Amino acid sequence: MNNQKIADIFDDIAKILEFKQDNIFKIRAYQKAAVTLRSLTEDIAKYAKNSSLTSLPGIGKDLADKINEILKTGTLKVYQGLKKSVPEGLMDVMSIPGVGPKKAKLLYDELKIDSVEKLKEAAEKHKLSALPHLKEKTEQNILQGIKLLSKAKERMLLGEALPAAEGVVNYLKDKKGVEKIEIAGSTRRQKETIRDIDILVASENPPEIIKEFTHMPHTEKILAEGRTKASVLTGRGLQIDLRVVDVESYGAALVYFTGSKEHNIRIRELAIKKGLKVNEYGVFTAKGTKINKKIAGKTETEVYKALNLEFIPPELREDKGEIEAALENRLPELVKPSDIKGDLHVHSNYSDGAHAIEEIANTCRDMGYKYVVISDHSKSLKIARGLSEEELKRKNKEIDQLNKKFKNFKILKGSEVDILSDGTLDYPDDVLKELDAVFVSIHSGFKQPMEKITERILKAMDNKYAHILSHPTGRLLNARDPYAVDIDRVLKHAKQTHTAIEINGNVQRLDLDDINARAAADMGIKLALTTDTHRLDNLQFMRYAVSVARRAWLTRKDALNALPLQQLLKALKK
DNA sequence: GCCGTTTTCGGCCCGACTGTTTTCAGTCG
């Protein structure tokens, strides 16, 4: 993928320039351009082709030229030159927590350290403390940082981070002096992966709260402990940051601590233009560097209002158009968990699920759902005990029987049907037509080239009984890359064939992702928010499907399973 | 290197904590 490759090059350049202590704003420009590239749903080559590169945020004439050069030649002369000018290992040295460009340069200039290994050795032999401004404490911190680096290379899944963060909040919330407490940071924004957990507390006695926090049973090591701010490391290598402010500043601190960084920068720029100043303590009238009166800060709504903005839901705070929309009062009313009327993707013990259909149905009804689709695997997927046509018939019959027991709740007949290697489906049409909801998905041939996989999916969507495309990219977060699929073509074809697309809420999948789900909804494609449940507790994954949907700016109208039963059945028909 | 209802130059978000110092630079988020 061009976008990812070019973004990586720009990030690399930024890192090298950082080491060279080049202009910080130039460095930021490269980083911003990389962020822009990663958030695009279309191939950057399309923008290059119709000369619209500079219409993208953060891409000016110079970077547009560089993008064109990469697209044309596969590389960038300036980048090659920069890479040669700096030993490769230095970039790794700079990624150690606590080591930035200045320390890396000092270490390189004085001790010829150009790799993490050499740094480790030098620190262990106490060679660092011979240098100016470095003493034993720094040596220890660097060794600790190296340990952390090898431990925490991967970002944590939202499905791991959110429960962990909720655990900390539950532990602290009843402690003396805690007036308000909330999860902040990327966990609150519901990003699919999380680096560390941020918690905000309002209290009149910050040091007391800091002490409670650093003495939690989860704490393995205290990384920092100040008057209003502390960081700890848990046994599992998870970093948790706590910030404590007074109640009057809580809203401003929550905005600041929730981020994203890009959103905060835009908010603060907007304030400056209005002659205001925003920090984590509030919104202030300001003249030059002089701060005058505080005009907001207690609640987030108040802070946004002071800048003439509607309240912006945390999931949208990525500087992807939410500030412009909030200025014009046109933020979407995001889909919420209570809008969801049923789960569409649940496996029973007919295939690889753990529970009987009746048990699943009872649980779903008790959750307040109006329907559930039992969508077991099809015959070819032997590893998941896919159903033969006879078994499927037997299952359908059982569903008919069970439905007589339920009032105001319906079990729907479904299947997750394999897309075979030639793009045909794993059941014939006369079997498919007996089903209420047919998911189609790829479970084989992941390594095929993009053209082939894409054609398979397009062909599958041509089938009039293929209602929903399931986990469209096949990725497993931190475990398996998406297969090569031209998602842009898939979305266009989904629109043409009236095929819905799944947002699979399984914490390892979250597939479709937020960026592409937003593109799909913009095209008018319906999204199915599902859990891909195999055990009853998996039904809770719906919260993550909703999280992706909210990050994708989806409203209730975009979600297939926010529809009442009859309308759902109608909407599924092609 | 980008950007512009303060527009082609001169800005570019803002503050806490640490380790090393005696007032601050470096790093981080």
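Just so it is clear, the structure is predicted and the values come from calculations on it, not from any experiment. What you see below is based on every heavy atom in this structure, not just the backbone, and it leaves out hydrogens, waters and symmetry mates. Proteins get letters first, then strands, A, B, ... in listed order; numbering begins at 1 in each.
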| field | Watson-Crick or G-U counterpart of B:dT8, or none if no pair lies under 3.5 Å | value | none
| Applying salt bridge (Lys or Arg N to Asp or Glu O under 4.0 Å), which residue pairs with at least one partner in residues 177-187 of chain A are found, sequence neighbours left out? | A:E182-A:R188
| message | Just the rounded figure in Å: distance from P of B:dG1 to CG of A:L37. | response | 16 Å
Pick out the pairs of N or O atoms, protein on one side and nucleotides 3-5 of chain B on the other, that lie under 3.5 Å.
from, atom 1, to, atom 2, distance (Å)
B:dC3, OP1, A:G58, N, 2.9

| query | Hey, does the Lys NZ or Arg CZ of A:R551 hover above the aromatic six-ring of A:Y544, less than 6.0 Å from the centre and inside 45° of the axis? | reply | no
| task | Consider the side chain of A:D196, meaning its heavy atoms from C-beta on, and name the nucleotide among B:dG1, B:dG26, B:dG29 that approaches it most closely. | result | B:dG29
| task | Enumerate the residue pairs fulfilling side chain to side chain donor-acceptor pair (under 3.5 Å) with a member in residues 327-336 of chain A, sequence neighbours excluded, ordered by first and then second residue. | result | A:E328-A:R330, A:K336-A:D339
| query | Which value, in whole Å, describes the distance between the C1' atoms of nucleotides B:dT23 and B:dT18? | reply | 15 Å
| message | Expected output is a numbered-order residue list: members of residues 78-97 of chain A with a heavy atom under 4.0 Å from any atom of DNA chain B. What is it? | response | A:I96, A:P97
| task | Please determine if A:K175 forms a cation-pi arrangement with A:Y171, meaning its NZ or CZ atom is less than 6.0 Å from the six-membered ring centre and no more than 45° off the ring axis. | result | yes
| Phosphate OP1/OP2 of B:dA16: any A:K229 side-chain N/O under 4.0 Å | no
| query | How long is the line joining NZ of A:K103 and C1' of B:dC28, in whole Å? | reply | 11 Å
| Residues in side-chain contact (heavy atoms from CB on, under 4.5 Å) with A:N264, at least two apart? | A:V255, A:Y256
| task | Please identify each residue that fulfils side-chain contact (heavy atoms from CB on, under 4.5 Å) with A:Q80, with sequence neighbours left out. | result | A:T75, A:K83
| Touch check for A:R227, heavy atoms < 4.0 angstrom, all strands: base, sugar-phosphate only, or nothing? | sugar-phosphate
| field | Close side-chain approach of A:Q508 to A:L157, heavy-atom, < 4.5 Å | value | yes
| Does B:dG29 have OP1 or OP2 sitting under 4.0 Å from an N or O in the side chain of A:S260? | no
| remark: Residue set satisfying side-chain contact (heavy atoms from CB on, under 4.5 Å) with A:K77, at least two apart, ordered chain then number -> A:E69
| message | Between A:D319 and A:E322, is there a side-chain heavy-atom distance shorter than 4.5 Å? | response | yes
Throw together a table of side-chain donor-acceptor distances under 3.5 angstrom for residues 126-138 of chain A, partners on residues two or more places apart or in other chains.
from, atom 1, to, atom 2, distance (Å)
A:H126, ND1, A:E139, OE1, 2.9
A:S129, OG, A:H126, O, 3.2
A:S129, OG, A:E139, OE2, 3.3

| said: For A:A45, give me all partners under side-chain contact (heavy atoms from CB on, under 4.5 Å), at least two apart in sequence or on another chain. | reply: A:N2, A:D43, A:L71
| Nucleic acid footprint by protein, nucleotides 8-14 of chain B - heavy-atom cut-off 4.0 Å, B for base, S for sugar-phosphate alone | ----BBB
| request: Nearest whole angstrom, please: distance from the P of B:dC28 to the CD1 of A:I197. | output: 20 Å
| query | Do we get A:K112 above A:Y108's six-membered ring, with its NZ or CZ under 6.0 Å from the centre and within 45° of the axis? | reply | yes
| A:K102 vs B:dG26: side-chain N/O to OP1/OP2 distance below 4.0 Å | yes
| query | Does A:K66 have a side-chain nitrogen or oxygen under 4.0 Å from the phosphate oxygens OP1 or OP2 of B:dG1? | reply | yes
| Residues touching DNA chain B, which here means a heavy atom under 4.0 Å, drawn from residues 185-193 of chain A | none
| B:dC12 and B:dT6: how far apart are their C1' atoms, nearest whole angstrom? | 15 Å
| note | From CG of A:L17 across to P of B:dC2 the rounded distance in Å is 13 Å
| Protein proximity profile, nucleotides 18-23 of chain B - base contact B, sugar-phosphate-only contact S, no contact -, cut-off 4.0 Å on heavy atoms | SSSS--
